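No experiment lies behind these values; they were computed from the predicted model shown. Just so you know, ligand 1 is whichever comes first in the structure, and atom 1 is the first atom listed for that ligand.
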Amino acid sequence: MSVLSALLDATRSGAVEIVDLTTPLQSSTPILELPEPFANTSRFRLEELSRYDDRGPAWYWNDIHTGEHTGTHLDAPVHWVTGKDGLDVSQAPLSTLVSSAVVLDLSAEVAENPDFVLEVEHVRAWQAEHGPLPEGGWLLYRTGWDARGDDAAGPHTPGVSADCAQWLAEESPIAGLGVETVGTDAGAAPGFTPPFPCHSFLLGAGKWGLTSLRNITRLPPTGSVLVVCPLPIVDGSGSPARVLALVER
Ligand code: MN
């Protein structure tokens, strides 16, 4: 049997579950909110063109208004000044968009401290139990923040220390970091050195960010496959994305 036939059989039988990691995209979807004097991104919005009426008697359709970084989305290297000569979102390698994923669950620590930051020692402890991080794959950082709803964009949100962000960017084999918060960096990261270290180091190293994920809790620590589908926005710094995971049961 071909590999793809076997995969389809497995999804039908439930031997492989397809888990949707995407936050539904609507006007209430939480977005990043930067302090003054910085420009902010738009909330998602539908603009109705017709709905089986005089404007279009047999059809319903909308224009959409959205930021590149609205809802579950992919950050491209070119999003950050450190990656300004890197790839835009339309150039994301397909082998990165479909790749393996591992889950680091620090939700218990974050429940105690919303300003919790991931350190290299946490990753090393995970590796001691589960093995190396995946070459060209995704590190999904579970914090429990997907349950926070509108609280997703506050100044007290978990993230990654500057040391750990640099280590993930320069020493680890991952292609990207996925998080449950609206951005890969902690709420307090404007005050880190450097500011926004995940963005600075990871995007500067040509790596990718993935945000506002949910249902990470349904993934095992290792062995799942991520399917990330951003819009191929030419020259885009990011894009809303549908993110699916394939999980063996
Ligand atoms: Mn972003």
**OP:** Check whether any side-chain heavy atom of Thr184 lies under 4.5 Å from a side-chain heavy atom of Leu202, and answer yes or no.
**Re:** no

Any salt bridge between [X] and [Y], counting N to O under 4.0 Å?
X      : Y      : result
Glu180 : Arg148 : no
Arg51  : Asp53  : no
Arg124 : Glu119 : no
Arg45  : Asp63  : no

**OP:** Using a cut-off of 2.8 Å, find all protein N, O or S atoms closer to the Mn ion (ligand 1) than that distance.
**Re:**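 Those protein N, O or S atoms (cut-off: under 2.8 Å from the Mn ion (ligand 1)) are His69 ND1, His73 NE2, Asp75 OD1.
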
Subject >> Verdict with supporting geometry, Tyr141 and Leu118, side chain to side chain contact (heavy atoms under 4.5 Å, CB included) >> reply: CA-CA 9 Å; Tyr141 175 25; Leu118 187 73; 3.8 Å; yes

